[in-house]
Amino acid sequence: MGYHSTTVKSKWVKTKWLLKKATIRKYVPRTLRFNQSNLRSMLSQYSTVYFKPTGGTGGFNINRIKKLESGYQIQHNAKKSRYATVKLLHGQLKKRTAGQSYLLQKGIQLAAVNGRPFDIRVMVQKSNSGVWKCTAIFTKIGMPGKVATNYHQGGEVGYFRQTLSKAGFSQNMIDQKEKELKKLGKSVGRLFDKHSSGFRELGLDIALDKKGKAWILEVNTRPQFYPLKQMKDKGMYRSIMSYAKQYGRKR
């Protein structure tokens, strides 16, 4: 890795940090550790629940569980399978954990552009003077029918304002969201600093639901920059890299 910025792999640890601060807690979708009683409880409340590895990255191994009129459906990438009861569903999911720890998270119905769901990446970086700054905000637009929007999963990178405008949000709403998300990114940076030292960069994955409410899906402590190189306008990539050089990150 070769540069100095603290990494925290466990999504569970990061979720617990986020839940500690009241102003941030409201952005966190309900998240529980995976076991049979938590699975029952989540499915009694929500029609869609995500099942994801506590330590996974890049959108790999994320499964979407949907309540059907009778039974349940698991979707991984584009592959779907059905189970009649929670007990059978739990048995199948347990097999998929292969002994690793997994989380259950309330499913957010993502806002979409032409039927393609998208989420938002908010990049914050800390300068040498110790101040968190939002250096980029862009969208990741998923492939229709895929579970994750990640670049690895065939998603593409989009401009924040353009994507939201295509999704039907007003200019006024887009201005408000941009302000809100930049502020949120910086406050998550400051919160993480309270729990551990050495953070220099964070990438927040934010979902906007159909009403435009923002939800933190995940905070990445080792965010990827290369998708930004694919954009026509290299301004965001350059801005991120100028900060990254301060802590020795080359790409």
Side-chain angles (χ1 to χ4, degrees), residues 11 18 26-31 46-52 56-66 75-78 80 105-124 134-185 188 202-220 223-237 239-240:
K11 292 183 172 73
L18 296 171
K26 61 172 192 263
Y27 289 101
V28 182
R30 185 142 188 253
T31 306
Y46 311 117
S47 55
T48 305
V49 173
Y50 282 86
F51 168 75
K52 50 196 200 179
T57 56
F60 296 107
N61 294 330
I62 294 181
N63 291 256
R64 182 198 285 143
I65 306 162
K66 259 194 176 145
Q75 181 179 349
H76 178 247
N77 291 333
K80 299 173 180 170
Q105 190 173 64
K106 171 191 171 181
I108 307 299
Q109 274 252 284
L110 296 181
V113 174
N114 305 329
R116 298 178 61 183
F118 67 88
D119 60 14
I120 299 162
R121 167 59 60 89
V122 177
M123 277 293 312
V124 289
C134 178
T135 46
I137 179 166
F138 58 95
T139 52
K140 293 176 296 172
I141 305 163
M143 292 290 282
K146 276 281 194 113
V147 172
T149 57
N150 300 60
Y151 190 72
H152 296 293
Q153 311 291 330
E156 63 182 53
V157 178
Y159 296 97
F160 177 76
R161 302 188 71 90
Q162 201 178 340
T163 306
L164 266 66
S165 171
K166 280 186 189 157
F169 292 101
S170 70
Q171 287 309 309
N172 185 20
M173 174 75 152
I174 296 171
D175 289 342
Q176 269 177 323
K177 284 291 140 195
E178 191 170 15
K179 247 213 242 49
E180 177 187 356
L181 296 183
K182 284 179 169 177
K183 189 176 156 197
L184 179 61
V188 168
L202 296 171
L204 282 74
D205 283 330
I206 307 262
L208 278 192
D209 63 21
K210 300 222 154 84
K211 294 193 181 104
K213 175 168 165 34
W215 298 90
I216 300 175
L217 298 179
E218 199 183 321
V219 180
N220 298 280
Q224 295 293 349
F225 296 169
Y226 65 82
L228 287 177
K229 278 184 165 168
Q230 312 304 316
M231 300 177 97
K232 275 200 190 75
D233 174 4
K234 301 283 186 279
M236 258 191 298
Y237 182 72
S239 141
I240 283 181

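The first residue of the sequence shown is numbered 1, and numbering continues consecutively from there. Predicted model, so just to flag it, every value in this text is computed and none were measured.
The side chain to side chain donor-acceptor pair (under 3.5 Å) search around Ser239 returns none, not counting sequence neighbours. Here Phe160 pairs with nothing under the ring pair (Phe, Tyr, Trp, His ring centres under 6.0 Å) rule; sequence neighbours left out. Lys229 pairs by the side chain to side chain contact (heavy atoms under 4.5 Å, CB included) definition with Tyr237, not counting sequence neighbours. Residues satisfying the side chain to side chain contact (heavy atoms under 4.5 Å, CB included) criterion with Ala112, sequence neighbours excluded, are absent altogether. Contacts of Lys177 classified as side chain to side chain donor-acceptor pair (under 3.5 Å), with partners at least two apart in sequence or in another chain: Glu180. When the salt bridge (charged side-chain N to carboxylate O under 4.0 Å, His left out) test is applied to Asp175, the partners found at least two apart in sequence or on another chain are Arg161. A search for side chain to side chain donor-acceptor pair (under 3.5 Å) contacts involving Lys210 returns Gln109, not counting sequence neighbours. Thr48 meets the side chain to side chain donor-acceptor pair (under 3.5 Å) test with no other residue; sequence neighbours excluded. Remark: Lys80 pairs with Gln73, Gln75 by the side chain to side chain contact (heavy atoms under 4.5 Å, CB included) rule, at least two apart or across chains. For Gln176, the side chain to side chain contact (heavy atoms under 4.5 Å, CB included) partners at least two apart in sequence or on another chain are Met173.
Note: Leu181 CG to Ile137 CD1 = 4.5 Å, rounded to the nearest 0.5 Å. In this structure, CD1 in Ile206 is found 7.5 Å from CG in Leu217, a value given to the nearest 0.5 Å. Atoms NZ and CG, on Lys11 and Leu18 in that order, are 13.0 Å from each other to the nearest 0.5 Å. Within the model, atoms NZ of Lys166 and CD1 of Ile141 stand 6.5 Å from one another, a figure rounded to the nearest 0.5 Å.
Here the shortest heavy-atom pairing between Thr31 and Gln105 reads OG1-NE2, 3.3 Å. Residues Gly185 and Val122 approach most closely at CA-CG1, 4.3 Å, considering heavy atoms. Shortest non-hydrogen contact noted between Phe138 and Gly158 is CB-O, 3.4 Å. Here the closest non-hydrogen pair linking Asp119 and Ala207 is CB-CA, 4.3 Å. Closest non-hydrogen pair, Tyr50 versus Arg64, comes out as OH-NE, 3.1 Å. Annotation for Ser165 and Ile174: closest pair N-CD1, 3.5 Å, computed over non-hydrogen atoms.
With contacts defined as side-chain heavy-atom distances shorter than 4.5 Å, the pair Asp233/Tyr159 qualifies. Side-chain contact between Leu204 and Arg121 is absent, with no heavy-atom pair separated by less than 4.5 Å. Side-chain contact check for Leu164 versus Thr139: some heavy-atom pair is nearer than 4.5 Å. Contact annotation: the side chain of Leu184 approaches that of Ile216 to within less than 4.5 Å [non-hydrogen atoms, C-beta and beyond]. Using a 4.5 Å heavy-atom threshold, the side chains of Ser47 and Lys66 count as separate. Contact annotation: the side chain of Met143 approaches that of Arg116 to within less than 4.5 Å [non-hydrogen atoms, C-beta and beyond]. No side-chain heavy atom of Leu228 sits under 4.5 Å from any side-chain heavy atom of Lys234.
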Legend entry - Test log, rule side-chain contact (heavy atoms from CB on, under 4.5 Å), inputs Met236 and Thr135: CA-CA 7 Å; Met236 258 191 298; Thr135 46; over 6 Å; no
Inset, instruction - Before giving the answer on side-chain contact (heavy atoms from CB on, under 4.5 Å), spell out for Lys52 and Asn63 the whole-Å C-alpha distance, their side-chain angles and the decisive distance to 0.1 Å. - result: CA-CA 6 Å; Lys52 50 196 200 179; Asn63 291 256; over 6 Å; no
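More than 12 non-hydrogen atoms from other residues, nucleotides or ligands lie less than 6.0 angstrom from NZ of Lys213.
For Asn220 (side chain) and Gly203 (main-chain N/O), a donor-acceptor pair under 3.5 Å exists by modelled atom type.
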